[in-house]
Amino acid sequence: MPSKIKILAPSRNLLMTQKQIEAGADEVYFGVESGDFKVYSFSGRYKSMNGVKVQIASYEELKENLDICHENGVSCQLAANMHYIPEELNGEYLEHIKACVSLGVDQLIVSNISLIAEIRKSGIDTPILAGSFTFMPNSEMVKYLESIGVFRVVLPHAMRLNEIAGIKAACPNVELEIFALIGGGNNCGRCLMFHSPVRKDIGPGCRALYDVNYGGVEYTGKRFLDAAADCALCSMKDLIDAGADALKIVGRESKNEAISAKFTNIFVRFREGVYAGKSTAEIKKDLAADTLFWNMNWLPRFCEDNRCKFHKTEVTESYI
Amino acid sequence: MGTSYRIDSVSQLEQTLEQFPDMDCVVAGHESCPVFYMQQNVDEIAKRALDKKIGVKINIPIVFEEYLDFFKGEAARLLEEHQQIKLVANDWGMLYHLHSQHPKRKFAIGLGMSFSYADCPWNFHIVEGELDKYKEMLLVHNLASTKALEIVKGLGADEIIMGNMKSLEASYRIIQSCGLKVTVNRGVNIVTISRACHTLRILGKTSEKGNCAAYCKNRTILKGTHYYDMSLGIHAAISEETKAIQPEMHSYSNMLFTSGEQEGIDHSNVADVINDYRI
C-alpha cells in the first residue's frame, strides 16, 4: 500500500515545532540564522518580518528542534533556498549547511541549480529537494533536476491537477511537493516583488490595491495582480490521485505558533477523512461541527474569498 | 554592437524595417505567454526577416506542462524549417530539452530565466539595512557565477538576454568573460511573471483567451495605493515615503515590468541590444 501523503509544516522556534508535531505534521521545515546578516539570511527569507523572527536563532536551538522532531518520527528540512549566492559567499553558505547537517538535518531545500552542484562538490550528501524558487513548470525541468540528484521538487503554485499527474507520469521516481496553504500570484522564482523586512507598507505586491490606467480608462482600488490561490484542502484526494507526495503549509512568519499548528491540524484531519473514504463534504461537515477555527478563520479567509487552488475560480480561469 | 527589435506582427516588422533599415535582428515570440505566442505569425515574421538577411531569435515562452508537447513540436519545426534562427529558452526545462534534442545547436537564455533583484526599482528597498557583503547576494544577476555559467554552457546556451540596469554592469562583464554573449533588452525590466493573465481577469474577458492579443496592445499602468497586511488580512494605505520609491509599473499579458532606460550604462561588454518598447 503506498504511504500516505505527507504534511509538511513550517517552524521558526521550539514552541512552533512542538505545536506542529502535536498537530500531526510528518515533516517540519525551518531556516536557521547564520553569519552576521542584519536583514536577510541564507534561507531565502528575512531574519524577521513584521516583528516576528522567521529563523531558528542558533545552531544550539536547531539541535533542540531536530531532537524533538526525531524523537517523534518527524523529518526536518533545512531551508537553504536563497535564489543566488555570489561566489565570494559560497564558503560561508556551505559551512552553514555543513553545520546544520552535522546536527541531523534530514533534507536540504535548495533553489539554485549551481548551488546544488556546489553542495554535492563539497561532499555534502544530504538529500536535496529543489525549492519553489527553482521554478519547474514542466517535466523536462524535473527530469533535469532528477539527473543532478534531486529527490523531490516543490512545484509552482499555479499548476493544474492534470499537469501534476503528467509530471508524475514522466518522472515517477521524483517526489512532488505541492503548496497546499498560502500561495502567491506570480511564478515562484520569477517574482521580484519581494515583501520588505524594513518597510511594512511594501507588503506582498501581488495582493496590493492599485489604481490602474488601462488604455486611458481609470480603475481605482483594483487587486490587479492578485492571482493568489491559497488553499488546496478540498483537492487533497485529487492531489493524491495525481501523484503528489507531500503538501506544504507556508507560514514560518506566522505570529502565533499555535494558530499555525491549527492550520496543520486541519490538513491532518482532512487527510484522515480522505484515507477513511469520506467525501469532501462529509469531512468539511465534521470540521465545521467541532472546530471553531474552521468557522471563524478558515472559511472566511479561504472559502468565502474563493482562494481554491485547484477548483474553478476567477483566478484559475485566468491561467494561461 | 548589434541592434535588434522586438517584433510581434508582420506589419510591425515592415514598419520597423522602413524606419530602421540597418537593424540586425528581430526578436519574436514571447517570454511568458504561450497564448500570445500562438497568436503571432512567428513563421511569417521569421521568413520575411530571413529573406532580408536579418537575424531571427524566437522566444519560446515559459512552458507549463500542458503546453510542453506543443512547444516541443514547435521548436523542432522551427529549427527544421528555418535553419538560421536562434531559439530563446525561457525556462530551464525547455533549455534542457532543446539541448538534448539538438546537442550541436546553440540557444539563448531569455528574460524568463535571466533576472536579478537589481533589475527592478521595486526591489531597491531590499538592501536597506543589510551589510555590504550580503548586498551582493541581492543585487547580482542570477547567472553571474562561473559555476552557473558552466552549467548554462553545458546545456547549449551561448547567449544570455538580460535587463538593462547600471547595477548589472559587473554581471555583463562576468558573463562575457566566461565566453557567453550578453544581449541587453533596453526597453523593459521584468518585475514579475504570472501564470494568470491579469488583464483578462480584470476586464472580465477570460473567455476570450486565445483571441486576446489585442488586449495587450493597450498601455496598462499601475500605481500602488494600499498594501496588504497578511497578519491582519486587511489593506492599509501606502505611505507617501514608500510610494516615492515604488516605480510606475506596466502590465502586459501575464508580465509586470518597469520600462525606460537609465543613463550612462556601460555596454562595453554587451554584444547586442534589443529595442523593446511594449507600451
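Protein chains get the first letters and strands the later ones, always in sequence-line order, with residue 1 at the start of each. Bear in mind that the values here come from a model prediction, so they are computed numbers and not experimental data.
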Please identify, among [options], the residue contributing the most non-hydrogen atom pairs under 4.5 Å to chain B.
options: A:Glu118, A:Met141, A:Glu163; value: A:Glu163
options: A:Cys188, A:Ala158, A:Ala170; value: A:Ala158
options: A:Ser196, A:Ala227, A:Ser114, A:Pro137; value: A:Pro137
options: A:Met159, A:His83, A:Glu317, A:Lys255; value: A:His83
options: A:Leu115, A:Val212, A:Val217; value: A:Val212

Tell me, for [X] versus chain B, whether the close heavy atoms (under 4.5 Å) come from the side chain, the backbone, both or neither.
X: A:Arg223; result: both
X: A:Glu87; result: side chain
X: A:Met82; result: side chain
X: A:Leu89; result: side chain
X: A:Met136; result: neither
X: A:Phe42; result: side chain
X: A:Asn90; result: neither
X: A:Thr220; result: neither
X: A:Lys200; result: both

Among side-chain atoms of [X] and [Y], is any donor-acceptor pair under 3.5 angstrom?
X: A:Glu92; Y: B:Tyr134; answer: yes
X: A:Tyr214; Y: B:Asn218; answer: yes
X: B:Thr225; Y: A:Asp211; answer: no

Which residue out of [options] racks up the most heavy-atom pairs below 4.5 Å with chain A?
options: B:Val152, B:Leu203, B:Asp229; result: B:Leu203
options: B:Thr146, B:Leu256, B:Leu155, B:Leu200; result: B:Thr146
options: B:Ala148, B:Ser253, B:Ser145; result: B:Ser145
options: B:Trp92, B:Tyr67, B:Tyr228, B:Phe64; result: B:Phe64
options: B:His141, B:His226, B:Lys147, B:Arg201; result: B:Arg201
options: B:Gly233, B:Ser100, B:Ala236, B:Gly112; result: B:Gly112

Under 3.5 Å: donor-acceptor pair, side chain of [X], backbone of [Y]:
X: A:His157; Y: B:Arg195; value: no
X: A:Tyr84; Y: B:Ala144; value: yes
X: A:Asn138; Y: B:Val63; value: yes

Heavy-atom count around [X] [atom1] within 6.0 Å, excluding the residue itself: above 12?
X: A:Asn162; atom1: CG; answer: yes
X: A:Lys38; atom1: NZ; answer: no
X: B:Lys223; atom1: NZ; answer: no
X: A:Lys262; atom1: NZ; answer: no

Should [X] and [Y] count as side-chain neighbours, where that means a heavy-atom distance under 4.5 Å?
X: B:Ile193; Y: A:Cys191; value: no
X: B:Glu130; Y: A:Phe37; value: yes
X: A:Asp36; Y: B:Leu131; value: yes
X: A:Ile202; Y: B:Gln246; value: yes
X: B:Leu68; Y: A:Ser139; value: yes
X: B:Lys72; Y: A:Glu140; value: yes
X: A:Arg199; Y: B:Glu241; value: yes

Spatial distance of atom [atom1] ([X]) from atom [atom2] ([Y]) [nearest 0.5 Å]:
X: B:Leu222; Y: A:Leu225; atom1: CG; atom2: CG; result: 5.5 Å
X: B:Asn142; Y: A:Ser111; atom1: CG; atom2: OG; result: 12.0 Å
X: B:Ile202; Y: A:Glu314; atom1: CD1; atom2: CD; result: 7.0 Å
X: B:Thr192; Y: A:Asn186; atom1: OG1; atom2: CG; result: 4.0 Å
X: B:Met255; Y: A:Asn187; atom1: CE; atom2: CG; result: 11.5 Å
X: A:Ile182; Y: B:Met230; atom1: CD1; atom2: CE; result: 5.0 Å

Would you check, one step at a time, whether the test side-chain contact (heavy atoms from CB on, under 4.5 Å) holds for B:Thr220 with A:Asn213? CA-CA 6 Å; B:Thr220 310; A:Asn213 182 307; over 6 Å; no

Region of [X] that comes under 4.5 Å of a non-hydrogen atom in chain A:
X: B:Thr199; result: both
X: B:Leu149; result: neither
X: B:Tyr215; result: both
X: B:His235; result: side chain
X: B:Ser171; result: neither

Looking at every non-hydrogen atom in both residues, tell me the closest pair between A:Gly185 and B:Ser194 and how far apart they are.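 So the two residues come closest at O-OG, 2.7 Å.
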
At their closest point, which heavy atom of B:Cys33 faces which heavy atom of A:Ile320, and how far apart are they?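 Distance-wise, the nearest heavy atoms are SG-CD1, 3.7 Å.
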
Could you check whether B:Glu31 pairs with A:Arg190 (Lys NZ or Arg NE/NH1/NH2 to Asp/Glu carboxylate O, under 4.0 Å)?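 Between A:Arg190 and B:Glu31 there is no salt bridge, as every charged N stays at least 4.0 Å from the carboxylate O atoms.
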
May I ask you to decide whether A:Arg160 forms a salt bridge with B:Glu66, counting only side-chain N to carboxylate O separations under 4.0 Å?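 Salt bridge flag = yes for B:Glu66 with A:Arg160.
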
Kindly assign one of parallel, tilted or perpendicular to the pair B:Tyr96 and A:Tyr144, based on the angle between their ring planes and the thresholds 30° and 60°.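 Ring orientation of B:Tyr96 relative to A:Tyr144: tilted.
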
Step-by-step side-chain contact (heavy atoms from CB on, under 4.5 Å) determination, B:Thr206 to A:Tyr319: CA-CA 9 Å; B:Thr206 50; A:Tyr319 286 171; over 6 Å; no

Quick one, A:Phe135 with B:Met113, criterion side-chain contact (heavy atoms from CB on, under 4.5 Å). Give me CA distance, side-chain angles, the key distance, then yes/no. CA-CA 9 Å; A:Phe135 186 58; B:Met113 287 168 72; over 6 Å; no

